[in-house]
Amino acid sequence: MTPQFAVFGHPVAHSLSPHIHARFGRQFGLDVDYHAIDAAPADFVRMLGEFRDGGGIGANVTLPLKEAAFALCRSQGERARRAGAVNTLIRDGKDWHGENTDGIGLVNDLAGRHGLDLREWRTLLLGAGGAARGVAPALLDAGIGELTIVNRTPARADALADALGEPARVLTRCWADLPRLGDFDLIVNATSAAHAGVMPELHGGLANRRSAAVDLGYGEVAIGFLAWARAAGCLIAVNGLGMLVEQAAESFRLWHGQRPDTDPVFAELQARQRVPRTAD
């Protein structure tokens with residue numbers, strides 16, 4: 001049976017992951033069988049089982065299934081446990097082992113591709129869902145000074161802060177507190193509001209002329225936030241395309257034992273920047 005790989009999400013037809021993994025495979029002479037599977041939350045467990053029984057040995061998981069993927073894994077890596085979310089599944093017999101490569105993907109993009117030294121940076125994280133959970137531990141590991149989590153449902157922000165286990169560095173605030181928080185060195189938009197065509201209400205005082213802003217989405221859903229970041233005077237404003245490629249490279253390494261060169265794949269996708277929807 002030919003080993004199969006996939007990305008699960010809902011919706012997922014827009015995903016660039018099949019293209020990315022095909023490009024990675026060519027670097028090593030591998031013909032990677034990787035496809036997108038649209039799985040509504042209620043159907044995810046069943047469809048993942050069918051994928052496994054059909055030869056599936058590895059999968060990525062995107063919105064809105066990352067926390068559900070964490071719950072169904074028999075074991076999880078440290079980053080996944082700290083995040084409480086899984087974006088990479090590795091077959092373990094009839095069960096699954098879960099990892100999270102989102103955070104290291106973001107840090108590799110910001111530090112490696114954009115040359116940012118994140119140490120001691122005052123950081124604002126907008127959102128507390130699966131995407132935010134994936135990147136928060138890696139940002140702390142990268143040495144940021146303080147992480148402020150803001151979410152429209154305060155209980156979810158508090159739950160994420162508790163899971164991170166660093167009360168001296170991690171704070172939570174209500175959305176209504178934003179005008180009183182001052183400015184930040186790094187602003188990360190991990191909300192899903194733009195998926196519904198809603199731009200989070202922000203103000204220019206959150207940024208300064210040295211700030212960096214990143215939207216974890218790419219394509220159309222990132223346009224509104226990045227426009228705000230530029231208008232607010234951020235020095236750097238980027239979408240999640242680089243993170244997407246970097247997290248995919250980490251998943252590829254976990255499955256195939258080799259880490260691909262991400263630069264040519266990123267350059268290709270950036271050149272065709274008219275890409276839809278959200279980062280995986």
Side-chain angles (χ1 to χ4, degrees), residues 1-13 15-22 24-25 28 30-106 129-138 141 159-160 163-164 190 192 216 243-260 278-280:
M1 194 175 292
T2 303
Q4 294 183 38
F5 303 86
V7 55
F8 286 81
H10 185 65
V12 78
S15 177
L16 294 174
S17 290
H19 177 83
I20 292 170
H21 282 271
F24 286 165
F28 302 103
L30 301 175
D31 184 12
V32 177
D33 184 349
Y34 185 116
H35 51 285
I37 299 176
D38 193 309
D43 300 324
F44 178 45
V45 173
R46 173 182 60 81
M47 295 180 72
L48 183 63
E50 292 172 353
F51 168 73
R52 177 202 62 204
D53 294 343
I57 63 172
N60 286 128
V61 182
T62 185
L63 298 175
L65 305 173
K66 294 183 180 184
E67 291 171 85
F70 177 88
L72 64 79
C73 288
R74 187 179 70 173
S75 61
Q76 302 96 1
E78 180 185 358
R79 290 191 184 113
R81 287 195 299 272
R82 291 172 67 195
V86 159
N87 82 320
T88 303
L89 294 167
I90 304 163
R91 176 86 171 265
D92 181 12
K94 290 189 175 182
D95 297 306
W96 295 98
H97 173 77
E99 294 284 353
N100 197 304
T101 66
D102 282 336
I104 192 63
L106 175 62
R133 284 180 166 273
V135 301
D141 291 346
L160 174 53
L164 292 171
S192 59
L216 300 190
M243 169 184 163
L244 174 66
V245 175
E246 295 298 328
Q247 65 82 22
E250 290 297 318
S251 295
F252 189 96
R253 180 185 61 79
L254 290 170
W255 295 327
H256 303 286
Q258 303 176 91
R259 194 182 194 283
T278 59
D280 292 347

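The structure presented is a predicted model; accordingly, all values stated were derived computationally and were not measured.
Residues Pro137 and Leu164 come closest through the heavy atom pair CG-CD2, 3.8 Å. Taking both residues in full, the closest heavy atoms of Ala138 and Gly103 are given as CB-C, 3.3 Å, listed atom of the first, atom of the second, then distance. The nearest pair of heavy atoms linking Ala85 to Gly130 is CB-O, 4.1 Å. Among all heavy-atom pairs drawn from Ala80 and Gly98, the shortest one is CB-O, 3.8 Å.
Among pairs with a residue in residues 245-260, those fulfilling salt bridge (charged side-chain N to carboxylate O under 4.0 Å, His left out) read Arg113-Glu246, Glu246-Arg259, Glu250-Arg253, Glu250-Arg259, at least two apart in sequence or across chains. For the salt bridge (charged side-chain N to carboxylate O under 4.0 Å, His left out) condition, no pair includes a residue of residues 55-64, sequence neighbours left out. Listed by first and then second residue, the ring-ring contact (aromatic ring centres under 6.0 Å, His included) pairs involving residues 61-85 amount to none (not counting sequence neighbours).
Between Arg133 and Asp102 no salt bridge is recorded (no basic side-chain N to carboxylate O distance below 4.0 Å).
Asn87 contributes a side-chain N or O that, together with a main-chain N or O of Thr101, makes up a donor-acceptor pair within less than 3.5 Å. Between the Arg79 side chain and the Asn100 main chain, no donor and acceptor come within less than 3.5 Å of each other. Checked by atom type and distance alone, the side chain of Arg91 pairs as donor or acceptor with a backbone atom of Gly93 at under 3.5 Å.
Side-chain polar atoms of Ser251 and Asn60 form a donor-acceptor pair below 3.5 angstrom.
Partners of Phe44 by ring-ring contact (aromatic ring centres under 6.0 Å, His included), not counting sequence neighbours, listed by chain and number: Phe8. For His97, the side-chain hydrogen bond (donor to acceptor under 3.5 Å, both in side chains) test picks out Ser75, Glu99, with sequence neighbours left out. The ring-ring contact (aromatic ring centres under 6.0 Å, His included) search around Trp96 returns none, not counting sequence neighbours.
The side-chain heavy atoms of Val61 and Val7, taken from C-beta on, include no pair separated by under 4.5 Å. Put simply, the side chain of Met47 reaches to within 4.5 Å of the side chain of Ile37, judged on heavy atoms. Under the 4.5 Å side-chain criterion, counting only non-hydrogen atoms from C-beta, Lys66 is not in contact with Val86. Using a 4.5 Å cut-off on side-chain heavy atoms (C-beta onward), Arg82 and Asp141 make contact. Side-chain contact between Pro41 and Leu65: present, with at least one pair of heavy atoms (C-beta onward) separated by less than 4.5 Å. Contact of the Trp255 side chain with the Tyr34 side chain is registered, since non-hydrogen atoms from C-beta on lie closer than 4.5 Å.
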Show, in sequence, the C-alpha distance, side-chain angles and deciding distance for Leu48 and Leu89, and conclude whether the side-chain contact (heavy atoms from CB on, under 4.5 Å) test is met. CA-CA 10 Å; Leu48 183 63; Leu89 294 167; 3.9 Å; yes
Please step through side-chain contact (heavy atoms from CB on, under 4.5 Å) for the pair Leu30 and His256, ending with a clear verdict. CA-CA 10 Å; Leu30 301 175; His256 303 286; 4.0 Å; yes
Going through the checks in order, is the side-chain contact (heavy atoms from CB on, under 4.5 Å) test met by Thr62 and Ser15? CA-CA 9 Å; Thr62 185; Ser15 177; over 6 Å; no
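With rounding to the nearest 0.5 Å, the separation of CG in Leu244 from CG in Leu106 is 12.0 Å. Here Leu63 contributes atom CG and His10 contributes atom NE2; the two are 11.5 Å apart, rounded to the nearest 0.5 Å. Gln258 CD to Leu254 CG: the interatomic distance, rounded to the nearest 0.5 Å, is 13.0 Å.
Aromatic rings of Phe5 and Phe252 (six-membered ring for Trp) have centroids beyond the 6.0 Å cut-off, not under it. Checked against a 6.0 Å centroid threshold, the rings of His19 and Phe24 do not count as neighbours.
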